[in-house]
Structure formats: C-alpha cells, structure tokens
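Down below is the structure, laid out as structure tokens.
Below, all heavy atoms of this structure are taken into account, side chains as well, without hydrogens, waters or symmetry copies. Heads up: numbering here begins at 1 and tracks the sequence. Values in this document were obtained by computation on a predicted structure and should not be read as measured data.
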Amino acid sequence: MSNTTNSARQRITGLLDEKSFMEIGALVTARNTDFDLSQSETPSDGVITGYGLIDGNLVYVYSQDASVLKGTIGEMHSKKIAAVYDMAVKMGAPVIGLIDCAGMRLQESVDALNGFGEIYAKQVMASGVVPQISAVFGSCGGGLTVIPALSDFVFIEKEQGRMFVNSPNALPGNNISKCDTADAAYQSENNGCIDGVGTEAEILTQIRELICMLPGNNAGGGREEECTDDLNRICENLENGAEDARLVLTHIADDNLFLETKTDYARNMVTGFLRLNGMTIGAVANSSAVFDENGEKTETFDKGLTARGCNKAAEFIQFCDAFDIPVLSLTAVEGFAASTCSEKNLAKAMARMTAAFATATVPKVNIIIGNAYGSASVMMNSKSIGADLVYAWEGSKVGMMDAAMAAKIMYEDKGAEVIDQKAKEYEELQSSVLTAARRGLVDLIISPADTRKYAVAAFEMLYTKGVGEPTKKHAAK
C-alpha cells in the first residue's frame with residue numbers, strides 16, 4: 001500500500017473516533033476496460049467509503065485515494081459516493097468528503113461525466129436535509145469544484161490543497177508565479193466557499209468541532225448539550241471590544257467557545273456558531289475591526305454593508321433556518337460600501353440577506369451594539385423584518401444617520417451655529433436608542449455586561465416558537 005493510500009485511510013482514522021470506522025464497498029473496482037484500464041490496479045476504485053462516529057455522533061465519510069489513477073472519478077467511484085449519500089439521508093447523518101482528486105477519469109469518458117452528475121444530484125437532494133462538509137487535501141479542479149461548493153462547509157489544506165475552476169496559467173494575462181489563484185490563501189479569501197485553512201491535523205480537528213455543534217439532520221430540532229457555565233455570567237468591559245464581533249461572541253458564549261465560519265472571507269461580516277445554555281446558536285454580526293490576543297487592532301473595515309458580507313450572511317442564515325438553529329445578530333452598521341464594484345453587486349446581495357432574515361422561521365434575536373443607521377440597520381434582523389426580540393446596548397444609537405450629517409443636509413444653507421443646534425436636537429429626537437424603544441422597535445436597553453444573561457433568557461423564552469396560524473378546531477368559548 002502506497003503512502004498516498006495510507007493518507008486516504010489515515011485521514012479517516014484521524015477524523016473518526018478510535019476503531020469506529022466501518023468500510024462499505026471495499027471490494028469495488030473499475031468496470032471499464034477501455035484504453036488499457038484493465039491493466040491498472042483500481043482498489044476500491046480510488047475512494048474509501050463508510051461510516052463511523054465523531055464524539056459518538058454518526059457520520060458518513062468518503063476519502064479519495066490519489067494513489068489509484070490519481071483519485072480520478074469514474075463510474076464505480078461515483079456510485080460509491082452516491083451510495084454514501086443515500087444511506088446518510090436515510091439515517092439522518094452528516095456526510096464528510098475528503099477530496100484529493102485529479103478530476104474526471106478520461107478513460108471512462110461519458111460514464112465519468114454521468115458520475116459527476118450523479119454526485120451533484122445526490123448533494124442537491126441532501127441539501128437542507130443533512131449537513132455536508134468537504135475538505136480539500138490535494139487537487140480539486142474544474143467541475144469537481146462544484147462538489148465542495150455544494151457543501152455547507154469547506155476546509156482546505158494550506159500547503160497541498162488546490163481549488164480552481166481554471167488553472168492559474170489558463171487565465172488570460174496570468175501565470176502561477178504572478179498570482180496563484182488555486183492556492184488555499186487565495187481561495188479562502190475570494191471564492192466564498194472556504195470556512196477554514198490549516199494543516200491536515202488542524203482541519204480534521206475543526207471538522208470534529210463543527211460536527212459536535214451541528215444537528216445530524218433537519219428533523220432533530222436543533223442541537224443541545226449540557227451547560228456548566230454560569231447563565232448569568234457578567235461580561236465585564238464587553239463594550240471595549242464592540243468593534244470586533246468575534247470578541248463579543250466569544251465572551252458571551254458558553255465556555256467562551258465561538259466557532260467562526262468563512263474566517264477569511266468578507267471579514268467585516270462575522271458568521272459562526274456558539275452555545276447559549278447548551279443550545280447551538282448561529283451568529284451573524286457586523287465587525288469593523290479585528291483584535292489580536294494582545295488586544296492590538298490588526299485590521300479595520302468600513303462600517304458599511306458589502307456584497308460579499310451580505311451573501312455570506314444570507315447563506316449562513318439559510319443553513320441555520322434549514323436545520324432549526326436559532327439566529328443571533330449583533331448590529332453595528334452605518335450604511336453601504338461605496339465603490340464601483342459594490343454598485344454592480346450590492347443591491348442584489350442586500351436583498352438576498354434581507355430575505356434570508358425575513359423568511360427564517362427559527363427564533364431570531366438582534367442586539368444593537370453600536371450605531372445602527374439607515375436602511376442598512378433595517379436589513380440586519382430588525383424588528384420590522386421579523387426579529388422576535390431586539391435589545392440595544394446603553395449608549396448605542398438608532399436612526400437615519402449621524403446627527404451632524406443629518407443637520408447639514410436639512411439646513412445646508414444655514415450657519416454653523418444653527419447646524420450645531422439642530423444636530424443636538426436630531427440626536428435627542430431621532431438618533432437616541434430611547435426613541436426607538438419608545439416606538440417598540442427596541443424591546444430593552446441593556447448593559448453590555450449583561451449581554452450573555454439576556455441572550456440566554458431570550459432564546460429560552462423562544463424555545464417553543466411556532467409560526468403560522470395556531471392549530472385548533474374552534475374557539476374555546
């Protein structure tokens with residue numbers, strides 16, 4: 001057995017609980033004999049399939065073996081993956097694909113093409129039924145990139161992982177030395193599919209952590225674990241980290257564990273999972289900065305919605321809604337990104353995010369942690385588009401725009417003294433969070449230190465949320 005074959009099996013061993021893997025289809029080989037294929041050894045037809053446990057949770061897995069015809073997909077290879085999907089859907093368990101593949105098996109031509117289509121169809125059928133996770137450890141190019149793109153979560157190995165529709169040298173005006181568009185860093189920052197980058201061991205650990213956060217299927221009613229953290233724990237000085245939503249979410253989470261998704265993509269919009277009183281919650285948050293472990297600001301972003309950020313949020317909200325995972329949003333937004341590129345894509349992306357929030361039927365809680373200005377703030381899970389509860393930190397602002405800017409627009413022909421006076425009036429009448437609360441748009445103004453306590457209580461209250469008209473025969477009287 002070659003080292004590559006060992007890698008395919010070792011990945012499964014590293015992923016699953018010890019001695020839990022049960023292989024399916026171990027004796028399958030290629031049927032095609034064209035172009036001297038009969039002279040090639042094709043053990044398991046280049047893909048190891050089966051099931052096992054992750055922290056006691058049933059999962060189905062396939063791992064491509066690059067030592068067998070470079071892991072290319074042919075007729076029987078694809079049928080094995082399709083069979084894994086069929087079983088996973090029947091049993092209500094996640095599917096994990098470990099990808100290392102040179103693409104389509106040329107010797108099998110139309111059979112290989114049909115195999116690609118069969119895998120795509122199974123993935124689409126399973127979407128919203130069971131979670132799908134892919135990890136790219138080697139090559140993943142051309143039509144094969146649709147497989148991770150159809151998955152819910154994707155990871156890529158930082159050194160050997162290669163993901164590309166067209167190779168870098170095939171792009172006009174480019175070459176691999178100029179811009180390696182296939183490498184992990186480029187793909188994680190630009191393609192919108194990648195949730196994490198790391199070594200093989202790091203990726204397998206991240207997948208295990210993710211599986212332990214997610215329900216096995218869409219019929220389980222979310223996921224809950226025992227909570228040993230103090231439900232009323234005070235989060236001191238939380239307002240100091242308000243610019244970086246990752247910090248806020250980490251501090252309010254059970255045991256300070258926040259699992260971020262799409263970490264390198266659209267970093268001004270944060271998505272990920274945390275637990276509150278043991279319940280898995282999906283988080284969507286605006287972020288204008290990143291702080292390192294020493295509290296130093298390492299990145300800053302404009303406080304406006306971007307097309308990438310909105311699309312990232314919309315896709316995440318739809319996943320949460322499909323799997324009965326409640327959604328928590330942290331709002332701190334002051335408008336829209338202003339650039340020629342944004343104008344091409346932003347309106348559609350904003351509409352997609354707004355629709356995702358508005359149509360989600362899971363419990364939805366919004367906490368305003370900074371300035372919430374203009375229609376951008378309305379799109380961020382506001383009361384008007386369906387949030388069940390909206391809280392706001394003391395000192396936050398809710399309104400059309402910054403008061404000084406509003407005064408300049410309304411009184412552009414007046415002097416500085418008048419504009420300053422009107423700005424103060426606007427601040428008090430239209431930008432104060434108290435004004436929004438008096439109109440029922442904010443349910444409660446809270447201290448930042450109490451954020452965990454109120455978030456836990458909100459989702460506890462919303463636990464039995466139902467939608468639509470209540471079922472009954474007739475009125476009681």
Side-chain angles (χ1 to χ4, degrees), residues 134 145 148-156 158 163 165 181 183-198 206 210 241-250 258-274 282-292 297-321 327-357 360 366 369-370 372 374-381:
S134 293
T145 57
L150 282 172
S151 300
D152 299 305
F153 304 99
V154 183
F155 300 88
I156 186 167
K158 64 180 182 180
M163 189 170 171
V165 177
T181 54
D183 76 354
Y186 183 91
Q187 288 291 309
S188 65
E189 293 171 11
N190 292 284
N191 83 359
C193 297
I194 309 298
D195 290 277
V197 177
Q206 290 172 30
L210 183 57
E243 291 178 282
D244 188 350
R246 299 161 187 82
L247 289 180
V248 177
L249 293 165
T250 298
F258 171 60
L259 192 62
E260 188 177 0
T261 60
K262 291 185 173 52
T263 54
D264 297 327
Y265 184 75
R267 287 171 61 76
N268 66 319
M269 183 71 78
V270 177
T271 58
F273 298 103
L274 68 156
V284 178
N286 307 122
S287 189
S288 58
V290 177
F291 293 97
D292 64 17
K297 191 180 294 187
T298 58
E299 290 182 78
T300 58
F301 316 107
D302 290 337
K303 297 181 179 180
L305 294 178
T306 63
R308 285 187 172 189
C310 289
N311 282 325
K312 174 180 174 178
E315 185 175 304
F316 183 79
I317 296 161
Q318 289 171 329
F319 174 86
C320 291
D321 193 43
V327 174
L328 168 68
S329 58
L330 303 182
T331 299
V333 65
E334 298 183 6
F336 313 112
S339 70
T340 304
C341 182
S342 294
E343 285 301 301
K344 297 176 184 177
N345 306 295
L346 188 52
K348 188 68 174 179
M350 292 189 305
R352 186 183 177 199
M353 184 183 74
T354 303
F357 271 126
N366 183 30
I369 65 171
S375 52
S377 68
V378 175
M379 300 168 194
M380 280 295 300
N381 197 25

If you compare all heavy atoms of G241 against all heavy atoms of V248, which two are closest, and at what distance to 0.1 Å?
O-CG2, 3.7 Å
For I317, does its backbone N or O pair with a side-chain atom of D321 as donor and acceptor, under 3.5 Å?
no
Once the angle between the rings of F319 and F153 is folded into 0 to 90°, is it parallel (under 30°), tilted (30 to 60°) or perpendicular (over 60°)?
perpendicular
More than 12 foreign heavy atoms under 6.0 Å from CG of D302: is that the case here?
no
If the condition is side-chain hydrogen bond (donor to acceptor under 3.5 Å, both in side chains), which residues does E315 pass it with, not counting sequence neighbours?
K262
Find the distance between NZ (K303) and OG (S288) and round it off to the nearest 0.5 Å.
5.0 Å
For a side-chain contact (heavy atoms from CB on, under 4.5 Å) check, start with the C-alpha distance between N286 and M269, then their side-chain angles and the critical distance, and finish with the verdict.
CA-CA 5 Å; N286 307 122; M269 183 71 78; 3.9 Å; yes
Would you kindly say whether T331 and N366 are connected by a side-chain donor-acceptor distance under 3.5 Å?
yes
Is it true that a side-chain atom of T354 and a backbone atom of M379 form a donor plus acceptor pair closer than 3.5 Å?
no
Might you work through the side-chain contact (heavy atoms from CB on, under 4.5 Å) test for V327 and F316, ending with a clear yes or no?
CA-CA 10 Å; V327 174; F316 183 79; 5.9 Å; no
For the residue pair Y265 and C193, establish whether any side-chain heavy-atom pair is separated by less than 4.5 Å.
no
Do any N or O atoms from the side chain of E243 and from the backbone of A289 form a donor-acceptor pair under 3.5 angstrom?
no
Which value, rounded to the nearest 0.5 Å, describes the distance between M163 atom CE and Y186 atom OH?
12.5 Å
Would you mind reporting whether M353 and N311 have side-chain heavy atoms less than 4.5 Å apart?
no
Determine, step by step, whether E189 and R267 satisfy the side-chain contact (heavy atoms from CB on, under 4.5 Å) criterion, reporting the C-alpha distance in whole Å, the side-chain angles of both residues, the deciding distance to 0.1 Å, and the verdict.
CA-CA 9 Å; E189 293 171 11; R267 287 171 61 76; over 6 Å; no
Any donor and acceptor pair, going by atom type alone, linking the side chain of E334 with main-chain N or O of A372 inside 3.5 Å?
no
Is a side-chain donor or acceptor of T306 paired with a backbone partner of G309 at a separation under 3.5 angstrom?
yes
Test your reading of the model: is there a side-chain donor-acceptor pair from S342 to the backbone of A338, 3.5 Å cut-off?
no
Keeping the roles fixed (side chain from N345, backbone from A307), state whether a donor-acceptor pair exists under 3.5 Å.
no
Check whether any side-chain heavy atom of F258 sits under 4.5 Å from a side-chain heavy atom of L247, and report yes or no.
no
Gap between atom CG of N190 and atom CG of D264 - 0.5 Å precision:
10.0 Å
Quick one: does D195's side chain have a donor or acceptor within less than 3.5 Å of a partner on V154's backbone?
yes
CD of Q187 to OG1 of T181, rounded to nearest 0.5 Å, is 7.0 Å
CD1 (I369) and CG (L330) are apart, to the nearest 0.5 Å, by 5.0 Å
Nearest non-hydrogen partners of V290 and D244, listed with the distance:
CA-OD2, 3.4 Å
To the nearest 0.5 Å, what is the distance between CG (L328) and CG (N381)?
8.5 Å
